[in-house]
There are 2 protein chains.
Amino acid sequence: MSEPRWLDASQQRDWRAYIEGSVRLADLLDRDLKAKHGLTTAEYEILVRLSEAPDRRLRMAELAEYASQSRSRLSHTVARLECKGLVSRGTCGDDKRGVNAELTEKGFAFLERAARDHVATVREYFIDVIDPEDLKAVGRAFSAVVEQVGKAR
Amino acid sequence: MSEPRWLDASQQRDWRAYIEGSVRLADLLDRDLKAKHGLTTAEYEILVRLSEAPDRRLRMAELAEYASQSRSRLSHTVARLECKGLVSRGTCGDDKRGVNAELTEKGFAFLERAARDHVATVREYFIDVIDPEDLKAVGRAFSAVVEQVGKAR
DNA sequence: ACTTATTGGTTGAAGATTCAACAAGCTTGG
DNA sequence: CCAAGCTTGTTGAATCTTCAACCAATAAGT
């Protein structure tokens, strides 16, 4: 029952490297996006998901799912984006409870510029410093994590 | 100059898997720690670093570095931990500006319990779902990221 | 049809993090 | 010595996130 099962030395090293790297990278990406475009990562992620959706529009619940955010958080964040004129909200046709978030023209243009810089930074600090085979392994690893975390609900 | 250099399909998949997995995992770990022990991940991380330091004590600046937190954030967080009686602050001998944070007995006992549960969760959602070779690759990948991000300063 | 439960989304307050400004102690150069 | 410039750490306000409570609309059970 209460067997500790500690991590062995190698697992511990890998886990810690991941924690340190992910925190520092997230921090850097956040600052970068904030400095160059005045966006938080959460805001950026929302714009990206919307830009890829048909008609650049999604219901709040779906958007929350795709962007890995709570609904409450999404409400607040979209409110901010709406103030900036990058997203607009409208009611949903078939379900009167539903709300559609839609990327505005301005939002799309804005995202195009931001994405350029963002991708360059992701390359510089992530993609380009990782061995291609290791990168694939990272992909496999985190896909497994996503699946496992999904089961928890 | 402004060549976009987008990610190819495979890189994009891997990057997105990482983003989604890391966000969802961090979220789960946070909730878990909060529900079972009333700690945030940031607080937990601080307790861990202190517990490993000689005399279970570190100067604020070092602690900030080890825990990957800004000094400001650390000040606030340690203040909270001090309120809970898990950490105590005292002035540093040789440098009168310095402040030492020290893990209390209570803090150590508390951490022992929290760490047990935390490690079990880390296993369940991370270590045990990743192929051992992939885990090593993750370790290499994020070590490289840490190094690269470090250069940015 | 009517009552109850569930889902979709928002809100405001509480909690955590960032940011800029600051005080106090060390250090360096003249 | 001392003045200007770093470094350490804290503070309060602004920003962002979480949490619990809530309303409105749909779905389900009887």
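The chains referred to below are lettered A, B, ... by the order of the sequence lines, with proteins before strands, and numbering in each begins at 1. Source: prediction; values computed, not measured.
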Atom-pair distance ([atom1] on [X]; [atom2] on [N]), nearest Å:
X     : N      : atom1 : atom2 : answer
B:L74 : C:dA16 : CG    : P     : 15 Å
B:E62 : D:dT8  : CD    : C1'   : 12 Å
B:E82 : D:dG9  : CD    : C1'   : 13 Å
A:E65 : C:dG9  : CD    : P     : 13 Å
A:L81 : D:dC16 : CG    : P     : 10 Å
A:M60 : C:dT11 : CE    : C1'   : 13 Å
B:R73 : C:dG15 : CZ    : P     : 17 Å
A:K84 : D:dT15 : NZ    : P     : 11 Å

Carboxylate-amine/guanidinium contact [X] [Y], below 4.0 Å:
X      : Y      : answer
B:R59  : B:E65  : no
A:E147 : A:R140 : no
B:R16  : A:E45  : no
B:D27  : B:R31  : yes
A:D117 : A:K36  : no

* To do: Could you check whether the rings of B:F142 and A:Y18 sit parallel, tilted or perpendicular, using 30° and 60° as the cut-offs?
  => perpendicular

* Taking the inter-plane angle between the rings of A:H37 and A:F110 on a 0 to 90° scale, is it parallel (under 30°), tilted (30 to 60°) or perpendicular (over 60°)? -> perpendicular

* With hydrophobic residues grouped by side-chain heavy-atom distances under 4.5 Å, do B:L111 and B:I46 end up in a single group? -> yes

* To do: With a 4.0 Å heavy-atom cut-off, tell me which residues in residues 90-98 of chain B come close to DNA chain D, sorted by residue number.
  => B:R97, B:G98

* Got a donor-acceptor pair under 3.5 Å from the side chain of A:S72 to the base of C:dT11? -> yes

* **Residues in contact with DNA chain C, drawn from residues 24-51 of chain B - heavy-atom cutoff 4.0 Å** => B:K34, B:T40, B:A42

* So among B:Y125, B:F126, B:Y44, which one has a ring pair (Phe, Tyr, Trp, His ring centres under 6.0 Å) with B:H118? -> B:Y44

Taking only side-chain nitrogens and oxygens of [X], does any of them come within less than 4.0 Å of OP1 or OP2 of [N]?
X     : N      : result
B:R59 : D:dG9  : yes
A:R71 : C:dT7  : no
B:R80 : C:dA16 : yes

* To do: Please say whether more than 12 non-hydrogen atoms of neighbouring residues, nucleotides or ligands are located less than 6.0 Å from NZ in B:K84.
  => yes

* Structure fact -> With both pairing distances under 3.5 angstrom for Watson-Crick or G-U wobble, and | for a partner in another strand, the correct string for DNA chain D is ||||||||||||||||||||||||||||||

* To do: State the CE-CZ distance between A:M60 and A:R97, to the nearest 0.5 angstrom.
  => 14.5 Å

* Provide the closest heavy-atom pair for A:G139 versus A:S143 in the form atom of the first, atom of the second, distance. => O-OG, 2.8 Å

* Structure fact -> B:H76 has its side chain closest, among C:dG9, D:dG12, D:dG9, to D:dG12

